[in-house]
Structure formats: structure tokens, C-alpha cells
Amino acid sequence: MKMSRALAGFLCAAVLGLAVTPWLAGEFYMDLMIRIMILGIFAMSLDLLVGYTGLISFGHAAFFGLSGYILAIVTPESGPITLWYALFMCLAGSAIAAAAIGWVSVRTSGVYFIMITLAFSQMFFYYFNGSVELGSSDGIFIFFRPDVTLGGFALIDLGDEYTFYYFVLASLVGSYLFLTMVLRSPFGKVIQGVRANEARTRALGFATQRYKLVSFIIAGTLAGFAGFLEATHTGFVSPAHLGWHESGMILIIVILGGIGTLYGPVMGAFVLVFLQDKFQEISDLWLLLMGFFVIAVVLFLPHGIAGLFARLTGARPADGTEVGDKGLAPTVPAKSREGADGGGTA
Amino acid sequence: MDLATFLIQVLNGVQYGFMLFLVASGLTLIFGVMGIINIAHGAFYMIGAYLAFWLTGVVGNLFLAIVLGIPLMVAIGYAVERLAITHLYHRDHLYQVLLTYGLILIFNEAQKLLWGTGFHGVRVPAILSGAVPLTDTLVYPHYRLFISVVCLGVAAGMYVAINRTKLGMMIRAGASNREMVEALGIDIGKVFAIVFSLGAALAGFSGMIGAPISSVYPGMGDQILIISFVVVVIGGIGSIKGAFVGAMLIGLADTFGQVLLPELSSMVVYALMAIILFWWPQGLFGRRV
């Protein structure tokens with residue numbers, strides 16, 4: 001994944017812009033930016049599945065919400081716990097859940113995969129929705145942000161909004177670099193091979209199911225990390241965090257930003273959160289506007305903002321493939337889809 | 001569990017299974033024939049239930065409301081197919097999911113706009129408000145029996161329509177080889193529009209006759225959609241026979257789950273799905289790829 005100079009410059013400028021935001025913008029916008037960056041991490045984790053492994057998960061919010069609930073469970077009512085312990089529990093919990101769901105799900109493909117991930121995430125939804133000790137559908141509050149201590153010394157105070165802002169920014173950049181590294185590794189090449197042509201990759205001797213599973217676990221764990229940040233930020237988690245509306249929204253963000261680009265989904269989060277904010281200002285029926293917006297994106301912007309950006313700068317898309325190969329363009333023949341999914345009435 | 005309670009649970013499970021079948025058969029047919037994964041299908045169920053509530057209020061009788069509601073559902077399905085779905089035939093599933101997700105947002109908000117966010121009840125028609133006595137204390141309502149009988153009739157009608165009529169032949173042909181059907185001079189676009197409208201009408205009908213039992217509330221479509229997905233996946237996507245078997249399995253598993261494992265009832269059906277997919281990744285009657 002060679003990136004064009006224009007793009008690299010743009011990304012550096014964007015990070016710089018994010019770094020100076022707290023000085024320029026008010027508290028309201030800082031809060032909004034934190035939300036955007038967290039959703040950006042969440043969206044990048046889904047992009048690893050949708051854009052690079054070719055697995056369309058419609059249940060990705062399960063890990064996002066689960067991690068928030070784990071934080072709520074491990075945080076005592078009397079005071080904060082240490083970051084290391086909380087983070088370990090949240091990430092381990094998400095990873096285990098992703099391994100369990102992924103183990104069943106990666107045996108299937110195409111539409112089956114979409115439906116199964118959706119069904120599993122709804123299973124989590126109903127579990128937490130019905131769990132009285134965790135607040136049922138009202139959700140549960142987390143009264144203390146984790147302490148960042150090392151050997152008894154407090155390093156930074158996450159309770160401070162400015163500190164927390166930079167903590168999230170560092171997490172965003174860190175997640176981006178981590179995923180870039182994963183994608184450049186031999187493992188990353190194989191999962192991209194799976195997306196391009198699974199049968200051929202298998203024929204080359206790679207156990208593609210295992211690669212898909214590992215990719216699913218990495219994505220789930222990173223989504224769990226985003227969920228941990230979100231729960232820490234808002235001090236609240238509810239079943240809505242792992243419902244399918246959340247899964248749908250994050251898919252929209254990935255598409256809107258541009259799949260298979262990593263930075264695209266972050267831009268998608270940026271645009272969507274601001275739009276949501278504007279829509280809510282305009283009307284109580286903002287979901288109606290959102291519905292029309294979603295349809296417009298599907299019809300008119302299939303390669304997302306990143307695709308638009310690539311076209312404007314005349315650069316190739318960041319993942320080095322032509323945007324729109326492998327079945328994501330409007331021009332893909334119907335035949336190839338059928339071959340992949342089967343079907344037919346009995 | 002004594003015999004009478006057991007019998008009641010079996011009847012409840014079968015009746016729930018029948019209603020699921022009406023929704024799931026449309027979903028699976030739309031996928032099998034058109035290659036479209038339509039997650040707005042649950043919204044049709046919700047619209048049907050609200051139409052039943054609204055029209056019953058207007059005309060005063062559920063049966064009349066259903067008679068008036070079905071053409072409305074067909075019209076809604078047709079409009080959605082012409083305006084939105086038609087752009088999706090050659091697109092990846094990802095975009096189909098997203099566009100129909102956008103439709104859900106629109107339908108849900110429209111529902112709030114028209115009927116508000118409250119819960120509504122629909123009265124069981126007077127002729128069917130009685131119950132069959134099973135023992136001294138247990139009874140089984142006539143209306144639930146009526147639902148099972150009607151659904152059985154619809155299922156039989158569908159079987160005949162698909163296997164014995166010319167339209168059914170076109171639908172079956174469209175499912176197995178779309179290009180060939182087009183080459184034979186059949187207007188596949190028309191077949192698609194019919195299948196989609198019928199699917200919408202089936203889901204809406206299920207919502208209408210289910211309204212007196214389940215009551216009518218916002219978000220009711222979401223719940224039925226997810227369960228229908230489970231049904232379709234278990235049965236094998238595109239297979240109507242699979243949808244029927246899957247619907248019965250889920251109907252019974254859910255009903256007995258609520259009786260035997262009340263704490264875990266909401267998870268029973270998903271566990272069943274996971275077990276089945278473990279051995280049959282393409283569902284029970286899915287075509288092997």
C-alpha cells in the first residue's frame with residue numbers, strides 16, 4: 001500500500017489539525033471530536049474486515065458494546081481501577097467473543113456471513129437488554145474513568161478533558177499505524193488475497209478460514225478498544241451500543257468514507273457525526289433525513305469520500321487496487337455474485 | 001409439564017412458526033429469485049400491523065381491514081421496488097444491505113410521524129373471540145387456531161402457485177438461471193417486481209393477522225426481521241422448503257425456550273442457529289456451493 005505524496009501530506013495535516021483543535025475550538029467541539037475519533041477507530045477496525053478481508057460483518061457493534069459493558073462490570077462503585085487491568089479485561093473479552101463468533105461465522109460466506117454476524121450481535125443485544133443487574137434497556141453508568149498509574153505513581157489524569165482528548169488522538173494514530181503494519185505484513189497480504197480471490201488463495205496453500213478468523217479477531221478486539229474509549233468518554237453504556245442500528249451506522253461510516261482505505265472511514269466518521277448534529281438541529285425527524293442520506297450515498301458515492309479524494313488528486317486509491325474491482329463497483333456482472341452465494345427455490 | 005400445557009405450547013409454537021414462515025418466505029424468495037438481500041423486509045411486517053390497527057379503527061372490523069390492507073401492501077412493495085430496489089440488481093450485497101437499511105430508517109420515522117410512539121392494541125373480531133376448552137382451567141383461543149389455519153392455507157396456495165402456475169414457473173426459472181430466462185424473452189424486470197410486491201404483501205399480511213396477539217408498537221419490524229434471518233439461514237437461503245422447516249423449528253424452539261429456560265429464552269434460537277450452521281454451513285436445504 002504505497003500512498004501518494006498528496007495523501008500522506010493530507011493525513012499529516014489532518015493529524016496536526018486534530019492536535020491543535022483543543023486550543024481553537026470550544027468544549028462542545030472538543031467533545032464532538034473525541035466522539036469522531038473513537039468512531040474512527042471503530043470504523044477502521046470494520047474496514048479491516050469489509051475492505052481488506054472481504055467479510056461484510058453486520059454485527060460489529062457487538063464487540064464495541066460488549067467492551068463497554070465489561071468496563072462497567074470491572075469498575076467498582078467506590079472508585080476507579082487501573083487502566084491496565086480495565087484495558088486487559090475489555091480487550092480480552094472482545095477477543096474471546098470475536099473468536100467464538102468468528103469460529104462459526106467464517107465457515108460461511110456472502111449473505112450467510114452478513115446474516116449470521118447480525119444474528120449473533122442481536123443475541124448479545126437481547127442478553128444485555130434483559131439483564132436486570134446491568135440496567136436492562138436503560139443501560140448502566142460508569143462513575144470513574146480508569147486511573148493511569150505505574151508502580152503507584154499517577155502518570156496522566158484521564159478525568160481531565162484535554163488529557164483525554166490527546167489520549168484518544170494518540171489511540172487513533174496508533175490504531176492506524178497498527179493496522180497499516182498488519183496490512184503490510186505477510187498476514188495482511190494473505191487476507192487481501194482472500195478478498196481478491198479466496199479460491200485461488202486457498203489453492204496457493206493458505207488455510208484461508210484460519211486467516212479470516214484471525215482477521216475477525218483482530219477487528220473485534222480493536223472494536224472493543226473503541227468501545228472501551230467510548231464507555232470511558234461518556235461514562236455510560238446501554239444495549240443500543242451493541243444493537244444492529246449501531247452496526248448499520250458503522251457500516252455506513254465505512255462506505256461513506258471509502259472502503260479499503262483505513263483513513264477514509266475516519267473521514268466518514270467525521271462527516272457523519274457532523275451531519276447527524278446538523279440534522280438533529282434541523283428536525284426531530286432527523287433519522288428520516290439520515291435515511292435519505294444513506295440511500296444517496298449508496299446510489300451516488302459508492303467509493304466514498306476517499307474515492308472522491310483519489311479522483312480529485314488523480315492518485316490511485318491507497319490500497320493499490322483499482323477502486324471498484326472485486327465486486328464492489330456497480331458494474332460487476334450479476335453472474336459472479338450468484339456463483340458466490342448460490343440460491344434457488346425449492 | 002402435563003399434556004394439556006404441552007399441547008398448548010406446541011400449538012403456540014406452530015402458530016408462531018407459521019407467522020414467521022409468511023415473513024421468511026418472502027425474504028428467501030426475494031433473495032433466491034432476485035439476488036437481493038432486503039433488510040427492510042421487517043418494516044413491511046410493521047407497516048402491515050399498523051395498517052391493521054389504523055384500518056380497523058376506520059372500518060371497525062379486522063377482516064375488512066385486512067382486505068383493504070393487502071392491496072395497499074402490494075402497492076407499497078411495488079413502489080419500493082421501482083424506486084429503490086431496481087438500482088441494486090447488479091450491486092454487491094454490501095450496498096443492498098445499506099440501501100435497505102436506509103429504507104428502514106425512513107419507514108420507522110414515517111411510522112412515528114403517522115402513528116406516534118405508543119403501543120396499540122387491535123381487537124380480536126367478535127366471531128373469533130372465544131376459546132377451545134382443553135381442561136377445566138386451560139383454554140386455547142379460537143383466534144390463534146384461526147391464524148394457523150389461514151397461514152397453512154397461504155402456504156399451500158404458495159406451493160401451488162410456485163409449482164403449478166406459469167408465473168411460478170417463471171419465478172423458479174428466474175431463481176435458477178436469470179440470463180437464460182431473459183434470453184427466452186420473458187420480462188425478468190416484471191417478474192422481479194411481482195415477486196417483491198408479493199413478498200411485501202406476505203410480510204404485511206403476517207403483521208396484520210398477528211396484530212391482535214402481538215399488539216402494535218414501534219420497532220416491531222426489527223425484531224421479526226432478525227428472527228426471520230435466523231429462519232432463512234437455518235433453512236438455506238433461497239429455499240422455501242427450508243424457510244418452512246426453519247420457521248417451525250424456530251417457532252417451537254422459541255416457545256419451549258420461554259417455558260423451559262426463561263432466563264436464556266432470548267438466546268435459545270441463536271444457539272440453535274449456531275449448532276445447525278456448525279454442521280450445515282449452507283443451512284438445511286441450501287444449495288452447496
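To find a chain, count down the sequence lines: A is the first, B the second, and so on, and within it residues start at 1.
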Please classify the contact of [X] with chain B as side chain, backbone, both or neither, using a heavy-atom distance under 4.5 Å.
| X | result |
| --- | --- |
| A/Ile255 | side chain |
| A/Val294 | side chain |
| A/Leu285 | both |

Centroid-centroid under 6.0 Å between B/Phe31 and B/His93 rings: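 B/Phe31 vs B/His93: aromatic centres under 6.0 Å.
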
Sub-6.0 Å ring centroid separation between A/Phe274 and A/Phe270: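 Distance test on ring centres: under 6.0 Å, yes.
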
Is [X] close to chain A through its backbone or its side chain, or both, or neither, when contacts mean heavy atoms under 4.5 Å?
| X | result |
| --- | --- |
| B/Ile227 | neither |
| B/Leu99 | both |
| B/Ile226 | side chain |
| B/Val230 | side chain |
| B/Leu225 | side chain |

Pairs satisfying salt bridge (Lys or Arg N to Asp or Glu O under 4.0 Å), at least one member in residues 95-119 of chain B, at least two apart: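 Sorted result for residues 95-119 of chain B: B/Glu109-B/Lys112.
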
Most chain B-contacting option - heavy-atom pairs closer than 4.5 Å, from [options]:
| options | value |
| --- | --- |
| A/Phe125, A/Tyr127, A/Phe292 | A/Phe292 |
| A/Gly248, A/Gly130, A/Gly243 | A/Gly248 |
| A/Phe120, A/Phe293, A/Trp286, A/Trp244 | A/Trp244 |

Any residue of residues 192-202 of chain B which, by heavy atoms, sits under 4.5 Å from chain A: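 Near chain A, by residue number: none.
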
Any residue meeting side chain to side chain contact (heavy atoms under 4.5 Å, CB included) with A/Trp103, in chain and number order, not counting sequence neighbours: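 Listed in chain order: A/Arg107, A/Leu213, B/Phe278.
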
Qualifying residue, where the test is side-chain contact (heavy atoms from CB on, under 4.5 Å) with A/Ile114 and the options are B/Leu94, B/Val233, B/Ile37: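 For A/Ile114, the side-chain contact (heavy atoms from CB on, under 4.5 Å) check succeeds only for B/Ile37.
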
For A/Phe64, the option from A/Phe124, A/Phe42, A/Tyr69 that meets ring-ring contact (aromatic ring centres under 6.0 Å, His included):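 That would be A/Phe42; it is the only one of A/Phe124, A/Phe42, A/Tyr69 passing the ring-ring contact (aromatic ring centres under 6.0 Å, His included) with A/Phe64.
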
Separation between CD of B/Gln96 and CD1 of B/Ile36, rounded to the nearest 0.5 Å: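 Taking CD in B/Gln96 and CD1 in B/Ile36, the distance rounds to 4.0 Å.
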
Heavy-atom side-chain proximity of A/His245 to B/Leu105 below 4.5 angstrom: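 Yes, at least one pair of side-chain atoms sits under 4.5 Å.
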
Test item: B/Ile162 and B/Leu29 side chains (from C-beta on) under 4.5 Å apart, heavy atoms: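 Heavy-atom side-chain distance check passes, below 4.5 Å.
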
Aromatic plane relationship, A/Tyr126 with B/Tyr270 - under 30° parallel, 30 to 60° tilted, over 60° perpendicular: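 Answer is parallel, since the angle falls under 30°.
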
Option that, when pairs with chain A are counted at under 4.5 Å, heavy atom only, ranks first among B/Ile39, B/Asp222, B/Ile104: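 So the answer, after comparing B/Ile39, B/Asp222, B/Ile104, is B/Asp222.
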
Note: A/Glu198-A/Arg202 ion pair, threshold 4.0 Å (strictly below):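 Yes, this pair counts.
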
With sequence neighbours excluded, residues passing side chain to side chain donor-acceptor pair (under 3.5 Å) with B/Thr100: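 Here no residue qualifies.
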
